[in-house]
Protein chains: 2
Amino acid sequence: MTTRGRPTLEAVARRAGVSRATVSRVVNGSTTVAASIRDVVNQAVEELGYVPNQAARSLVTRQTDSIALILPETANRVFSDDLFFPAIIRGVGAELEAADKQLVLMMTGSPAGHHRVERYAVAGHVDGVMFASIHGADPLPAALARKGIPVVCSGRPMHEDPPVPYVDVDHAGGVAAAVRHLVAGGRRRIATIAGPQDMVAGIERLIGYRQTLRAAGLPELVAAGDFTRESGVAAMRDLLDRDPELDAVFAASDLMAHGALQTLRAAGRQVPGDVAIIGFDDFEISRYTDPQLTTVRQPIGEAGRTMARQMLRLIAEDPDVPPSIVLPTELIIRASA
Amino acid sequence: MTTRGRPTLEAVARRAGVSRATVSRVVNGSTTVAASIRDVVNQAVEELGYVPNQAARSLVTRQTDSIALILPETANRVFSDDLFFPAIIRGVGAELEAADKQLVLMMTGSPAGHHRVERYAVAGHVDGVMFASIHGADPLPAALARKGIPVVCSGRPMHEDPPVPYVDVDHAGGVAAAVRHLVAGGRRRIATIAGPQDMVAGIERLIGYRQTLRAAGLPELVAAGDFTRESGVAAMRDLLDRDPELDAVFAASDLMAHGALQTLRAAGRQVPGDVAIIGFDDFEISRYTDPQLTTVRQPIGEAGRTMARQMLRLIAEDPDVPPSIVLPTELIIRASA
DNA sequence: CCCTTAAGATGAACCGGTTAAGTTATCGGG
DNA sequence: CCCGATAACTTAACCGGTTCATCTTAAGGG
């Protein structure tokens, strides 16, 4: 009920002594309006405090100027202590704001979440849908794309019935740089704490570890994690059990690296003296651990911005939107390795 | 252009052999429809994959079923490493999702941000506006309320021309518990690192510190911070300069406490041996500092949920929505004090 | 001075729903 | 058997914009 007694186009037209059509053209900045009339209309708009009704406008233009961002929210992990989603939101938000589009946030935690998102998009509530970090082979992006709705994913989608444009970072390259740094530092028993294997980020970082280690002719040692600090703690304990002599760990997230760090300290290991450790993300926390964490920086905010830009081009029906964009990662060397 | 060739009410009506109005009533679950017709219509809906057009619907109902959440985003601090906003978003999101409303996120970083938000709301794009953490005497909430738009704030607004409903936490009570805990532990030179004094949260936590200390007959020692880790580091250095003999610090945020902890360690102080320290927030990080941080827990997610519930009641035109709700805080005792 | 042309404004037909008022069929009571 | 009440559906009038075809008017050319 927010549009109660608000002035309509009709009211402005009456006051300015012109037709509805003319007011509409003035409001939308059409060039074929005489300057004198334009001024009269603008004054009437000013005086009445006229603001166009969005629903009426969308009804005919078929555009809402708002775009959805879908967060998986699996197991409430989304915002627990994970700075990935906030960073994505910030990047996306900044870019959309510059383009004067609105960001609609949706979380698909509930079982019926997928259906809700689909309905929402099909109902024309938004002009496009962006996905932040897909879990597993989620069929939703492809399903929406099939319905003609512009879709962009952050992180390469595993399921691509119709291929969906995506933005990702160079996981493998970053991991390779990290592992090579450990090797160059003389480490020979390099373990990894892997991310969840139902997410491309988790999978690719593990692959990167394996390939680089194999190339160096060194043995693998893998423990499973899920990007959280808790899982880092548990995985590190597991690794120490399995190989007390290990001299380096690559953790697939900063949070897991932080957890591992605590476990190593509790186990009496010096970092980086006895065991070197490298994380992935470059969250702010990595500058405040003791020792400060060497890590692979991924440009999350930039990924968000890029995703938003792709979406805007898709909506503008730009014929040659790149099907994928991979952003570079960078090894940030601090004290832990 | 997401609603291209999609079936309309009209199409469903033709297929089912009834009028548009009847289909509308079936879709909206009216009771005055014969079961036989209802089934026929539902089948037609199913077969055509009909989804009501949101714009057309809002145009007449004057409802959008989406609600805005405004984030101030001052100085990019919003999502840097601060888990306050993510927690609010999660709480609000969960509650709105349960009510089948959509969350529209807006950041008012740009100078024209305020005007954009106002226009957006007045245009009827959302049914109500929630503010997460007001800075200073922001006139926007009151301005919107004056226009008849439902508004709820998280954190008591300083400016209340027409008073706006709000949800806040018991800052003073939490701080009092913290400071009393320090006093009870025998601390006598208790400093504080205050939050920004243009936010109610910063102001009230400082007042709480002052009052409790005065009641205990102890001297005050205040350093300025802005809730960030960096400011905690700087403020702690400042405090050590001014009183090298201090034996306790209450930091108005966990992040500042964390920064202070690092500085104390660098200065050779034992925590809690030489100096006790208590934070405020109970972010996850406080369980991973060394030593683990004693802190005041504030139910941020719950505040978000509560704010959303108030908004829903406001929209439903519930006559007796409480003008304010203050949630309790709780001292969580760990190792640092 | 008349005709063509173009600029600029208007009238009216949508867009796709909701809902008040009107119509038709059904049924019980007198 | 007729009448009014009731149930269930249809008709049509909105909601508030956009836009295209049409009309008006003034300027320019021969």
Side-chain angles (χ1 to χ4, degrees), chain A residues 1-42 44-45 48-65 119-125 127, chain B residues 1-42 44-45 48-65 119-125 127:
Chain A
M1 302 278 186
T2 64
T3 49
R4 273 184 325 205
R6 255 170 260 295
T8 69
L9 250 203
E10 184 66 40
V12 176
R14 262 201 309 276
R15 176 163 199 124
V18 298
S19 72
R20 269 215 327 279
T22 301
V23 177
S24 176
R25 269 152 61 242
V26 171
V27 169
N28 293 307
S30 167
T31 49
T32 65
V33 179
S36 59
I37 296 251
R38 181 162 26 80
D39 294 345
V40 172
V41 170
N42 279 329
V45 166
L48 295 174
Y50 170 74
V51 175
N53 178 308
Q54 181 57 37
R57 187 173 260 180
S58 313
L59 180 55
V60 44
T61 61
R62 271 105 220 289
Q63 285 231 131
T64 62
D65 292 333
R119 250 186 95 80
Y120 194 75
V122 171
H125 226 310
D127 297 338
Chain B
M1 302 278 183
T2 62
T3 47
R4 274 183 325 209
R6 253 170 261 298
T8 69
L9 251 202
E10 183 66 43
V12 176
R14 262 203 308 276
R15 177 160 196 128
V18 298
S19 74
R20 271 215 324 280
T22 299
V23 178
S24 175
R25 270 154 56 244
V26 170
V27 168
N28 293 308
S30 167
T31 48
T32 64
V33 178
S36 60
I37 296 252
R38 183 164 26 81
D39 294 345
V40 172
V41 170
N42 279 330
V45 165
L48 295 174
Y50 170 74
V51 175
N53 178 309
Q54 182 56 36
R57 185 174 263 180
S58 314
L59 180 55
V60 44
T61 60
R62 267 108 221 288
Q63 285 232 130
T64 63
D65 291 334
R119 251 186 94 80
Y120 194 76
V122 171
H125 225 310
D127 297 338

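Order of the sequence lines sets the chain letters (A, B, ...), proteins ahead of strands, with each chain counted from 1.
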Compare every heavy atom of B:T64 with every heavy atom of B:H125, then report the nearest pair and how far apart it is.
O-OG1, 3.3 Å
What's the verdict on side-chain contact (heavy atoms from CB on, under 4.5 Å) for A:V23 and A:R15, showing C-alpha distance, side-chain angles and the deciding distance?
CA-CA 11 Å; A:V23 177; A:R15 176 163 199 124; over 6 Å; no
I need the CD-P distance between A:E10 and C:dT10, as an integer number of Å.
12 Å
What contact category does A:T8 fall into here, base, sugar-phosphate, or nothing, at under 4.0 angstrom with non-hydrogen atoms?
sugar-phosphate
Any A:S24 side-chain nitrogen or oxygen under 4.0 Å from OP1 or OP2 of D:dG17
no
Rounded distance in Å - CG (A:N53) to P (C:dG17)
17 Å
note: B:Q63, atom CD; C:dG17, atom C1'; distance rounded to Å ~ 15 Å
When the distance from CZ of B:R6 to C1' of C:dC15 is rounded to whole Å, what number comes out?
15 Å
Ranking C:dG16, D:dT10, C:dC15 by distance to the side chain of B:A21, first place goes to D:dT10
Using OP1 and OP2 only, check whether a side-chain N or O of B:N28 sits under 4.0 Å from C:dT18.
yes
Once you apply a heavy-atom cut-off of 4.0 Å, does B:V27 come out as touching a base, just sugar-phosphate, or nothing?
nothing
Under 4.0 Å between a side-chain N/O of B:T61 and OP1 or OP2 of C:dT18, yes or no?
no
Whole angstrom value for the distance that separates P of C:dA25 from CD1 of B:I37
14 Å
Using atom CD of A:Q54 as one end and atom C1' of D:dC15 as the other, report the distance to the nearest whole Å.
15 Å
Sugar-phosphate only, base, or nothing, as touched by B:A34 at under 4.0 Å among non-hydrogen atoms:
sugar-phosphate
Nearest to the side chain of A:R57 - D:dT18, D:dC15, C:dC15?
D:dT18
Given 3.5 Å as the limit, does a donor-acceptor pair link the side chain of A:S58 with the main chain of B:A55, or not?
no
Does some side-chain heavy atom of B:N53 sit less than 4.5 Å from a side-chain heavy atom of B:T8?
no
When you measure from the side chain of B:L9, which nucleotide among C:dG16, C:dA9, C:dG17 comes out closest?
C:dG17
With no hydrogens and no angle check, is any side-chain donor or acceptor of A:D127 less than 3.5 Å from a backbone partner on A:Q63?
no
Residue-level proximity of residues 13-20 of chain B to DNA chain D when a heavy atom falls under 4.0 Å
B:V18, B:S19, B:R20
Checking side chain to side chain contact (heavy atoms under 4.5 Å, CB included) against A:V12, which of A:V18, A:V45, A:V27, A:V26 comes through?
A:V45
What heavy-atom pair brings B:R20 and B:L9 nearest, and what distance separates the two atoms?
O-CD1, 3.8 Å
Rounded to whole Å, the CG-P distance (B:D65 to C:dG17) equals 15 Å
Please state how far atom CZ in A:R25 lies from atom C1' in D:dT19, giving the value in whole angstrom units.
10 Å
